[in-house]
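All of these numbers come straight from a predicted model, not from anything done at the bench. All chains are named by letter (A, B, ...) in the order of the sequence lines, taking the proteins before the strands, and each is independently numbered beginning at 1.
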Amino acid sequence: MARHLITSAIPYINGIKHLGNLVGSQLPADLFARYQRARGNEVLFLCATDEHGTPAELAAAKAGKPVAEYCAEMHAVQAEIARGFRLSFDHFGRSSSRQNHALTQHFAGRLAEAGLISEVSEKQVYSHADARFLPDRYIEGTCPNCGYDKARGDQCENCTKQLDPTDLIDARSAISGSTDLEVRETKHLYLRQSALKDELDAWIESKTDWPVLTTSIAKKWLHDGDGLRDRGITRDLDWGIPVRKGTEEWPGMEGKVFYVWFDAPIEYIACAGEWAEAHGLDDTDWHRWWRTDKGADDVRYTQFMGKDNVPFHTLSFPATLIGSGEPWKMVDHLKSFNYLNYDGGQFSTSQGRGIFMDQALELLPADYWRWWLLSHAPESSDSEFTWENFQGSVNKDLADVLGNFVSRITKFCRSKFGEFVPGGSPYGPTEDALIADLSVRIERYATQMDAMEVRKSAQELRAIWVCGNEYLQSVAPWTTYKTDPDTAAMQTRLGLNLAHLFAVLSAPFLPDASTKILGSLKIKEAIWPRDQSVFLSQLTKGHAFEVPDVLFAKVTDEQCEEWKARFSGVREN
RNA sequence: GGCGUUAUAGCUCAGUUGGUUAGAGCGAACGACUCAUAAUCGUUAGGUCCCUGGUUCAAGUCCAGGUAACGCCA
């Protein structure tokens with residue numbers, strides 16, 4: 001039995017994610033996790049909320065709540081929505097957990113001992129009114145270049161000129177508006193990634209089966225310009241993991257916290273600790289997933305993320321792991337996605353543009369979204385969501401091809417033989433040919449799923465559903481019935497067995513519909529098919545079933561128009 | 001400004017290491033069927049594979065230059 005450790009990029013805490021975020025990490029990770037479990041493999045599928053950093057503090061302030069309270073609430077909201085989309089995390093953790101505090105401080109200590117941390121003095125803007133240092137982009141002022149009065153400390157959005165906060169005229173805090181600012185000298189820790197450049201380079205070079213998107217981004221960061229740059233890992237904030245060297249104080253770093261990018265990926269590991277704790281397990285139980293010296297040798301680790309996260313996962317996080325000198329499990333396969341666009345532009349959290357996860361679930365059940373998003377996953381390039389395309393896919397693939405198949409076979413059987421699987425003659429040459437064809441197709445489907453070729457998997461699955469309709473159409477049991485009821489009974493029996501097969505194969509994509517079909521066929525346990533001839537003979541004469549309700553309702557033109565209008569602007573709150 | 005990705009039928013996309021008449025789904029037209037969510041199945045029609053030049057017996061596929069869209073970095 002293979003063992004799969006699977007992580008999805010962890011969503012940031014400040015609000016509900018949109019469908020573009022979902023399809024880029026959590027959803028394909030869930031597809032893979034469900035598939036591997038269905039194949040009988042051992043899976044640990046982890047995700048968490050990324051809770052530290054300035055945006056979380058500001059969002060909390062805006063909500064009028066202490067940041068810890070805000071994060072706890074938003075974590076609960078995101079967890080609930082994840083359940084709504086049937087994301088089957090073994091644990092949905094929090095980067096603010098006790099485990100992550102300890103582990104992040106541990107890594108920092110190890111890196112310091114290895115000589116991979118340097119101290120750098122920097123000048124930073126301090127706001128007296130806000131009682132805090134301000135990141136460049138939270139300082140506003142008039143652009144010295146074009147006179148735009150809302151230029152940010154890092155760049156003027158009007159003329160695109162790069163700026164330093166000190167360049168701004170009449171600089172003020174973007175948080176409070178206060179102009180009582182002061183430039184102070186402060187010390188920060190840097191991770192000396194550059195010292196690990198050759199090791200990282202060799203490691204990336206060895207990953208010949210990774211998507212081009214992944215390796216090209218990593219190589220660019222490794223070789224561009226002066227090569228891999230060192231990166232600050234501390235910030236002057238209150239909210240975060242206090243800077244410590246392992247369990248000890250770090251002189252000169254009092255009152256500082258680790259930069260969010262440093263502690264967020266470590267949460268992948270800490271989350272396993274949270275999972276163990278939540279299930280009454282001990283350290284050895286999660287070490288066997290993460291420590292190659294403690295049983296994780298045979299683990300295959302796969303990460304899922306959008307392309308914006310690739311540099312952290314291919315370079316910075318591996319630098320942390322390698323630099324620690326400890327035998328942590330490194331990622332084996334990194335599946336990255338491009339962006340999903342919305343009606344001609346980008347989905348945008350900050351602008352509230354597009355469809356957000358909670359809104360999507362208000363319109364339609366999870367399976368509808370899962371199918372469209374996965375069958376159109378932005379694997380090779382950015383892809384585009386349009387309502388017409390969504391409506392077409394849902395109506396044709398789900399309602400007409402799969403849903404209607406289940407409906408026609410169960411209703412036909414009920415009308416001729418009652419709600420029991422009929423017996424009739426044994427399968428003949430036509431049925432054997434279908435079984436042989438399906439065996440080949442299912443093998444192809446499994447190959448694509450193993451390779452995490454999301455779109456191609458969806459295509460193969462759909463083609464398998466079509467086989468069911470083709471079969472019924474060609475043998476036409478409604479005609480056969482008139483002259484040869486025994487043969488019609490056999491054809492119907494195979495049709496019902498096909499519905500069982502489709503339910504099991506479709507479960508990773510459509511967990512709810514799968515459960516519904518299995519329920520109506522009164523099948524207790526979904527077992528992945530090995531031998532199609534055996535699998536398709538499981539439902540035998542006399543097995544009771546019920547005709548299910550409509551599996552997938554069609555999206556009407558009216559709904560489509562309404563939703564299109566409703567989601568044309570930006571989100572209100 | 002530097003770099004990256006993409007450019008194939010009306011639409012969404014496949015096209016392995018260059019190799020016979022470039023594929024699929026949707027949409028369209030026509031036909032078959034009538035069990036079913038007016039569902040299904042079949043047939044057909046649609047392409048100077050962004051442009052120019054090059055390498056080769058052979059280029060959608062490799063090389064050079066250009067154009068366009070998107071993205072990343074500064």
Side-chain angles (χ1 to χ4, degrees), chain A residues 20 24 154-155 160-164 208-209 211-226 228-229 306-312 336-341 344-346 372-373 375-417 444 447-448 451 453-463 465-482 488 491-492 495-496 499 513 547-556:
Chain A
D154 54 346
Q155 181 176 38
T160 75
K161 186 177 171 60
Q162 299 299 310
L163 301 170
D164 269 332
T208 51
D209 60 336
V212 198
L213 179 66
T214 304
T215 49
S216 67
I217 291 174
K219 286 177 184 170
K220 191 202 140 209
W221 281 57
L222 275 167
H223 303 298
D224 212 33
D226 302 332
L228 190 58
R229 290 180 216 176
K307 59 182 168 186
D308 51 327
N309 264 317
V310 169
F312 297 107
S336 57
F337 290 84
N338 288 285
Y339 293 141
L340 179 67
N341 291 324
Q346 284 190 22
W372 189 87
L373 290 168
S375 62
H376 293 78
E379 290 177 296
S380 55
S381 63
D382 290 357
S383 65
E384 166 119 348
F385 177 94
T386 64
W387 286 102
E388 289 79 6
N389 191 313
F390 176 72
Q391 180 189 29
S393 285
V394 164
N395 291 356
K396 195 70 192 174
D397 301 346
L398 297 182
D400 294 349
V401 177
L402 176 63
N404 182 53
F405 174 81
V406 174
S407 176
R408 70 194 294 207
I409 190 63
T410 52
K411 286 184 179 170
F412 176 74
C413 185
R414 180 173 65 185
S415 73
K416 304 297 183 208
F417 306 101
R444 272 212 300 265
T447 302
Q448 300 291 11
E453 291 285 349
V454 178
R455 271 207 271 217
K456 288 178 182 173
S457 299
Q459 261 177 35
E460 292 292 349
L461 180 60
R462 195 196 120 103
W465 299 338
V466 168
C467 288
N469 283 313
E470 276 172 6
Y471 173 74
L472 288 187
Q473 204 63 33
S474 67
V475 301
W478 46 89
T479 305
T480 317
Y481 185 77
K482 295 171 189 164
Q491 292 164 341
T492 305
L496 291 166
V547 172
D549 297 336
V550 168
L551 282 176
F552 298 101
K554 292 198 183 192
V555 174
T556 64

**Report entry** Donor-acceptor pair present, A/Asn404 side chain and B/A36 base, under 3.5 Å
**Finding:**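 It does, because a donor-acceptor pair links the side chain of A/Asn404 to the base of B/A36 below 3.5 Å.
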
Report task. Report yes if some heavy atom in the side chain of A/Lys416 is under 4.5 Å from a heavy atom in the side chain of A/Thr492; otherwise report no. Result ->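 Answer no - side chains too far apart.
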
Query raised in the report: Should A/Glu460 and A/Glu453 count as side-chain neighbours, where that means a heavy-atom distance under 4.5 Å?
Result: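 No, their side chains stay 4.5 Å or more apart.
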
With heavy atoms under 4.0 Å as the rule, sort [X] into base, sugar-phosphate or nothing.
{"X": "A/Gly392", "answer": "nothing"}
{"X": "A/Lys416", "answer": "nothing"}
{"X": "A/Val406", "answer": "nothing"}
{"X": "A/Phe405", "answer": "nothing"}
{"X": "A/Leu551", "answer": "base"}

Report task. State whether a side-chain donor-acceptor pair under 3.5 Å links A/Asp397 with A/Trp372. Result ->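 Note: A/Asp397 and A/Trp372 side chains miss the donor-acceptor criterion.
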
Query raised in the report: Is A/Trp478 stacked on the base of B/C35, meaning ring centres closer than 5.5 Å and planes within 30 degrees of each other?
Result: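 Stacked: centres under 5.5 Å apart, planes under 30°.
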
Query raised in the report: What is the base-pairing partner of B/U6, counting Watson-Crick and G-U wobble geometry with both distances under 3.5 Å?
Result: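 Across all strands, the one nucleotide that pairs with B/U6 is B/A68.
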
Query - Any-strand Watson-Crick or G-U partner of B/G27, both distances under 3.5 Å - result: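 Partner of B/G27: none found under 3.5 Å.
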
Report task. Fit a plane to each ring of A/Phe417 and A/Tyr481, take the angle between them on a 0 to 90° scale, and name the class: parallel (under 30°), tilted (30 to 60°) or perpendicular (over 60°). Result ->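 Correct class here is perpendicular.
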
Query raised in the report: Distance check: side-chain N/O of A/Lys411 vs OP1/OP2 of B/A39, anything under 4.0 Å?
Result: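 A/Lys411 to B/A39 OP1/OP2: no side-chain N or O under 4.0 Å.
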
**Report entry** For B/G46, glycosidic torsion class - syn if within 90° of 0, otherwise anti
**Finding:**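 Syn.
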
